[in-house]
Amino acid sequence: MLENKSLMSSPQQVEDQIFSISPAELDTYPDGVITLDRAATIIRYNKTEAALARRDGAQTIGRNFFRDVAPCAAVQEFQGRFEAFAAKTDSGVDRFDFTFLFAWGQQDVSIMMVRKAGVDEINVIIARRSKKA
């Protein structure tokens with residue numbers, strides 16, 4: 001079980017844990033977590049992320065993150081970075097800041113992508129930096 005603190009604070013501990021926690025544990029996590037396959041199809045979408053993005057989680061599963069859910073992220077700074085990250089097969093972590101441009105305002109976030117060797121899924125962890133709406 002993950003400690004009750006932000007995933008953004010300890011990427012070394014996150015790698016194994018984030019891939020194995022239950023959906024119920026994932027939904028209680030304070031950061032948004034989106035699990036994507038390497039083609040950016042959403043596999044898991046926790047309640048924190050659903051609230052942040054104002055989306056129904058159940059209707060978001062199975063959609064392409066960049067095309068259907070967050071087209072504002074379909075830029076080199078996010079999608080290009082994700083595609084390069086997803087092309088690798090070893091374990092890895094990549095962090096960067098990003099601004100989502102929602103209809104109700106922008107959301108400044110810190111992104112951490114986590115990849116585990118031998119696993120086809122990529123976990124994208126989204127922590128809010130500020131709220132402008």
Side-chain angles (χ1 to χ4, degrees):
M1 183 170 164
L2 287 169
E3 293 179 34
N4 191 16
K5 63 180 180 178
S6 172
L7 289 174
M8 300 302 286
S9 62
S10 57
Q12 295 79 20
Q13 295 176 328
V14 170
E15 181 184 303
D16 287 325
Q17 295 173 344
I18 192 67
F19 288 92
S20 62
I21 63 173
S22 72
E25 289 174 310
L26 193 67
D27 276 341
T28 63
Y29 216 74
D31 294 327
V33 180
I34 306 168
T35 304
L36 303 172
D37 69 12
R38 292 179 187 264
T41 300
I42 298 170
I43 299 167
R44 296 190 304 175
Y45 195 81
N46 78 342
K47 286 185 180 181
T48 305
E49 182 58 25
L52 177 71
R54 299 183 186 177
R55 294 192 60 91
D56 179 278
Q59 293 182 2
T60 304
I61 304 294
R63 296 183 178 270
N64 180 278
F65 178 73
F66 297 104
R67 183 186 62 237
D68 305 324
V69 175
C72 69
V75 294
Q76 181 61 36
E77 295 83 25
F78 198 138
Q79 184 174 5
R81 198 167 183 155
F82 172 82
E83 289 171 351
F85 187 78
K88 298 178 182 175
T89 57
D90 61 332
S91 293
V93 174
D94 188 15
R95 291 176 180 242
F96 59 98
D97 292 334
F98 189 76
T99 299
F100 284 101
L101 302 174
F102 295 113
W104 59 88
Q106 75 180 37
Q107 189 68 236
D108 297 325
V109 299
S110 293
I111 305 287
M112 182 169 66
M113 296 186 294
V114 183
R115 180 184 64 232
K116 183 177 178 183
V119 177
D120 287 333
E121 300 168 351
I122 306 289
N123 282 290
V124 178
I125 300 149
I126 302 172
R128 185 182 329 204
R129 288 189 297 129
S130 69
K131 183 177 181 181
K132 294 181 182 176

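These figures come from a predicted structure and were not determined experimentally.
Of all heavy-atom pairs between Phe66 and Ala74, the closest is O-CB, 3.9 Å. Of all non-hydrogen atoms in Asp27 and Thr48, the two that sit nearest each other are O-OG1, 4.3 Å. When all heavy atoms of Ser91 and Ala117 are compared, the closest pair comes out as OG-N, 3.0 Å. Closest approach of Phe78 to Ala73, counting heavy atoms only: CB-O, 3.3 Å. Summarising the geometry of Phe85 relative to Gly92, their closest heavy-atom pair is CZ-O, 3.4 Å, with the distance given to 0.1 Å.
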Q: Take Arg44 and Asn123 through the test side chain to side chain contact (heavy atoms under 4.5 Å, CB included) and record every step on the way to the result.
A: CA-CA 9 Å; Arg44 296 190 304 175; Asn123 282 290; 3.3 Å; yes
Q: Determine, step by step, whether Ile34 and Ile42 satisfy the side chain to side chain contact (heavy atoms under 4.5 Å, CB included) criterion, reporting the C-alpha distance in whole Å, the side-chain angles of both residues, the deciding distance to 0.1 Å, and the verdict.
A: CA-CA 7 Å; Ile34 306 168; Ile42 298 170; 4.0 Å; yes
Q) Do Phe96 and Met112 pass the side chain to side chain contact (heavy atoms under 4.5 Å, CB included) test, and can you show the C-alpha distance, the side-chain angles, and the key distance before you say yes or no? A) CA-CA 7 Å; Phe96 59 98; Met112 182 169 66; over 6 Å; no
Q: Evaluate the side chain to side chain contact (heavy atoms under 4.5 Å, CB included) criterion for residues Met113 and Val93: first the C-alpha distance (whole Å), next the side-chain angles of each, then the deciding distance (0.1 Å), finally the verdict.
A: CA-CA 6 Å; Met113 296 186 294; Val93 174; over 6 Å; no
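Between Phe65 and Tyr45, the distance from one ring center to the other does not fall under 6.0 angstrom.
In summary, the side chains of Asn64 and Thr41 do not present any donor paired with an acceptor at a separation below 3.5 Å, with no hydrogens or angles considered.
Cluster annotation: Val119 is connected to Ile21 through the hydrophobic network of ILVMFWY side chains, with a link wherever side-chain heavy atoms come within less than 4.5 Å. Hydrophobic clustering (ILVMFWY, side-chain heavy atoms < 4.5 Å, transitive): Leu101 and Val69 are in distinct clusters.
Not one N or O on the side chain of Gln59 forms a donor-acceptor pair closer than 3.5 Å with the backbone of Asp56. Using modelled atom types, no side-chain atom of Arg54 and backbone atom of Ala50 make a donor-acceptor pair closer than 3.5 Å. When atom types are taken as modelled, the side chain of Arg38 and the backbone of Ala86 share a donor-acceptor pair closer than 3.5 angstrom.
Glu49 has its side chain within reach of Ile126: a pair of non-hydrogen atoms, C-beta onward, lies under 4.5 Å apart. With a 4.5 Å cut-off on side-chain heavy atoms, Phe100 and Gln106 do not count as touching. Counting heavy atoms from C-beta on, the side chains of Leu36 and Glu121 never come closer than 4.5 Å. Counting heavy atoms from C-beta on, the side chains of Leu26 and Thr28 never come closer than 4.5 Å. Residues Val114 and Phe19 meet the side-chain proximity criterion, which asks for heavy atoms closer than 4.5 Å. Taking 4.5 Å as the limit, every side-chain heavy atom of Val124 sits out of range of all side-chain heavy atoms of Val33.
If you take CD on Gln107 and SG on Cys72, they are separated by 11.0 Å, rounding to the nearest 0.5 Å. The distance from the CZ atom of Arg128 to the CG atom of Asp108 is 11.0 Å, given to the nearest 0.5 Å.
With sequence neighbours excluded, no residue forms a side-chain hydrogen bond (donor to acceptor under 3.5 Å, both in side chains) with Arg67. Partners of Asp97 according to the salt bridge (Lys or Arg N to Asp or Glu O under 4.0 Å) rule, which considers only residues two or more places apart in sequence or in another chain, are Arg129.
Sorted by first and then second residue, the pairs that involve residues 80-94 and meet salt bridge (charged side-chain N to carboxylate O under 4.0 Å, His left out), not counting sequence neighbours, are Arg81-Asp94, Asp90-Arg115.
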